[in-house]
Amino acid sequence: MIPVMKPWLGEEEARAASDAVLSGWVAQGPKVAAFEDAFARRVAALHAVALSSCTTALHVALHLLDVGPGDEVVVPSLSFIATANAVRYCGATPVFADVEPETGNLSAATVGQVLTERTKAVLLVHQAGVPADVEQVRALCRPRGVTVVEDAACAAGSTYRGVPVGADAELAAWSFHPRKLITTGEGGMLTTNHEQWAVRGRRLREHGMSVSAAERHSGGGAVVESYLETAFNYRMTDIQAAVGLVQLTKLDAIVRRRRELAARYHELLVDVPGLRAVTDPEHGTTNYQSFWVVLPEDAPLSRNEVLARLAERGVSARRGIMASHLEPAYAGHPHVDLPVTEAFTSRSLILPLYHDLGEADQRTVVDGLKAALDLPLVSR
């Protein structure tokens, strides 16, 4: 079976994790601090706060903005459900906006349709690593006092207008889940250029403690902490951070390889009429965290039928990006019409893409897709 994705993990990560265990630091400690510093440098942010997941990073970001009951936060429905859920965690209302068909991202035009006097923030997702046009959305939101929080879960290694995605973000949340380019198993990061938010974010992840566990153990003497506010247990372990430090050194090579594989898919799929595949937008470059395609409107089979045909050929493709407003958890949740989102989610699928995917494997994938669409197979 050709899988959708396999993380690029090896002996270096295993040694780093073992060294972290043998050091005596198992929970949050010096490796977490080192990972924060390294990740902030990599994405050109001033501060980074390591957390247990991207979902918790989004929750902390909204908490820093004092988002709460009565507030609205604009989100794309076309995103993993965690984006909308983070708003609900705060007691606020997620407001679904439509996306652009070329990128699957929110835009100033789609966000502008749902802004109200109660809008406190916009969660702008760089969907599947494709950079959203952040400046246009900020230009719309800034005069209204609305903060743009970047959901960069999939975007490590992507660029926006020549700099890393998230470089000048007010707040950006990142994921290190195994389906992302670099992984710590589970884990996330919050980056910001505001020192006071970074300081409070580190406090919020650790039950609101005034002094971290690492500071208590390294300070010498008796250190008695106090708890300054009701907060969370959202910490990353030193074991995860040790793996993340190794993974971060591989990011450039991973992006290069994924872009090579994506270019080959584009070549193999160029003669499929009506098929739309993920590609770079004019304002940046994608890391190809996922290689999604949208089936032609006149495709002879449904998306699910195409997935089944691929599985019969040993290809483990996945459904495309979900639409949160169509999930049972959001049944009855009011929203504007979302025609692009609904067309995208119903006709899209994700093709296998990982660093050791071979050319023969890619041809097998494309042959399976073309067979399902009643098209000639790739020439051998």
Derivation of the ring-ring contact (aromatic ring centres under 6.0 Å, His included) call for Trp8 and Tyr354: CA-CA 8 Å; Trp8 192 354; Tyr354 49 92; over 10 Å; no
From CA spacing to verdict: side-chain hydrogen bond (donor to acceptor under 3.5 Å, both in side chains), Thr237, Gln240: CA-CA 5 Å; Thr237 69; Gln240 292 170 295; 3.1 Å; yes
Worked verdict on Val111 versus Ser107 for side-chain contact (heavy atoms from CB on, under 4.5 Å): CA-CA 6 Å; Val111 170; Ser107 66; over 6 Å; no
Evaluation steps, salt bridge (Lys or Arg N to Asp or Glu O under 4.0 Å), between Glu305 and Arg309: CA-CA 6 Å; Glu305 290 171 329; Arg309 292 286 183 89; over 6 Å; no
Glu195 vs His47, side-chain hydrogen bond (donor to acceptor under 3.5 Å, both in side chains): CA-CA, chis, key distance, verdict: CA-CA 7 Å; Glu195 182 178 9; His47 306 282; 5.1 Å; no
Thr364 vs Ile2, side-chain contact (heavy atoms from CB on, under 4.5 Å): CA-CA, chis, key distance, verdict: CA-CA 9 Å; Thr364 297; Ile2 301 174; 4.1 Å; yes
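Using a 4.5 Å heavy-atom threshold, the side chains of Val74 and Leu115 count as touching. No side-chain heavy atom of Val75 sits under 4.5 Å from any side-chain heavy atom of Val95. Residues Glu150 and Val165 form a side-chain contact, since some pair of their non-hydrogen atoms from C-beta on lies under 4.5 Å apart. Inter-residue side-chain proximity for Asn233 and His207 is flagged as met; some heavy-atom pair is nearer than 4.5 Å. His325 has its side chain within reach of Thr341: a pair of non-hydrogen atoms, C-beta onward, lies under 4.5 Å apart. Contact of the Asn105 side chain with the Val130 side chain is registered, since non-hydrogen atoms from C-beta on lie closer than 4.5 Å. Between Thr191 and Leu171 there is no side-chain heavy-atom pair separated by less than 4.5 Å. Side-chain contact check for Leu301 versus Leu373: every heavy-atom pair is 4.5 Å or farther apart.
For the atom pair CG of Asn193 and CG of Leu46, the computed distance is 4.0 Å after rounding to the nearest 0.5 Å. Atoms CZ and CG, on Arg200 and Leu64 in that order, are 5.5 Å from each other to the nearest 0.5 Å. Here the CG-CG distance, from Leu106 to Leu78, works out to 9.0 Å after rounding to the nearest 0.5 Å. In this structure, the separation between CG on Asp361 and CG on Leu261 is 10.0 Å, given to the nearest 0.5 Å. Atom OH of Tyr288 is separated from atom CG of Leu181 by 12.5 Å, given to the nearest 0.5 angstrom. Here OG of Ser158 is found 3.5 Å from CG of Asn287. Values are rounded to the nearest 0.5 Å.
In the displayed structure, Asp337 atom CG is contacted under 6.0 Å by at most 12 heavy atoms of other residues, nucleotides or ligands.
Applying the ring-ring contact (aromatic ring centres under 6.0 Å, His included) definition to pairs two or more places apart or across chains, those involving residues 243-280 are Tyr265-Phe291, His266-Phe291. Residue pairs satisfying the ring-ring contact (aromatic ring centres under 6.0 Å, His included) criterion with at least one member in residues 114-171, sequence neighbours excluded, are listed as follows: Tyr160-His283. Annotation: salt bridge (charged side-chain N to carboxylate O under 4.0 Å, His left out) contacts involving residues 155-168, sequence neighbours excluded, comprise Asp133-Arg161, Arg138-Asp168. Residue pairs meeting the salt bridge (charged side-chain N to carboxylate O under 4.0 Å, His left out) criterion with at least one member in residues 264-276, sequence neighbours excluded: Asp271-Lys370. Residues in residues 228-259 take part in these ring-ring contact (aromatic ring centres under 6.0 Å, His included) pairs, two or more places apart or across chains: His59-Phe232, His59-Tyr234, His63-Phe232, Phe232-Tyr234. Within the structure, salt bridge (charged side-chain N to carboxylate O under 4.0 Å, His left out) contacts touching residues 178-192 (residues at least two apart or in different chains) do not occur.
Just one of Ser77, Pro76, Cys54 meets the side-chain contact (heavy atoms from CB on, under 4.5 Å) condition when paired with Thr83; it is Pro76.
With salt bridges taken as basic N to acidic carboxylate O contacts below 4.0 Å, one links Arg363 and Glu359. A salt bridge between Lys31 and Asp238 is absent, with no side-chain N of the basic residue lying under 4.0 Å from a carboxylate O of the acidic one. With salt bridges taken as basic N to acidic carboxylate O contacts below 4.0 Å, none links Arg15 and Glu12.
A donor-acceptor pair is defined here as one N or O able to donate and one able to accept, closer than 3.5 Å; such a pair exists between the side chain of Gln247 and the backbone of Thr183. A donor-acceptor contact shorter than 3.5 Å links the side chain of Ser23 to the backbone of Trp25. A donor-acceptor pair is defined here as one N or O able to donate and one able to accept, closer than 3.5 Å; such a pair exists between the side chain of Ser53 and the backbone of Thr56. Remark: side-chain polar atoms of Arg313 are not paired, donor with acceptor, to backbone N or O of Val365 under 3.5 angstrom.
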For residues 33-41, run the donor-acceptor check on the side chains, cut-off 3.5 Å, and write out each pair with its distance to 0.1 Å, sequence neighbours left out.
| from | atom 1 | to | atom 2 | distance (Å) |
| --- | --- | --- | --- | --- |
| Glu36 | OE2 | Ala50 | N | 2.8 |
| Glu36 | OE2 | Arg205 | NH1 | 2.6 |

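With sequence neighbours left out, the salt bridge (charged side-chain N to carboxylate O under 4.0 Å, His left out) criterion links Arg42 to Asp252. Under the salt bridge (charged side-chain N to carboxylate O under 4.0 Å, His left out) criterion, Glu72 pairs with Arg118, sequence neighbours left out. Not counting sequence neighbours, the partners of Arg303 by the side chain to side chain contact (heavy atoms under 4.5 Å, CB included) test are Leu295, Leu307, Arg319, Leu349. Arg142 pairs by the side-chain hydrogen bond (donor to acceptor under 3.5 Å, both in side chains) definition with nothing, not counting sequence neighbours. With sequence neighbours excluded, no residue forms a side-chain hydrogen bond (donor to acceptor under 3.5 Å, both in side chains) with Gln196.
Using modelled atom types and a 3.5 Å distance limit, the side chains of Thr103 and Glu100 yield no donor-acceptor pair.
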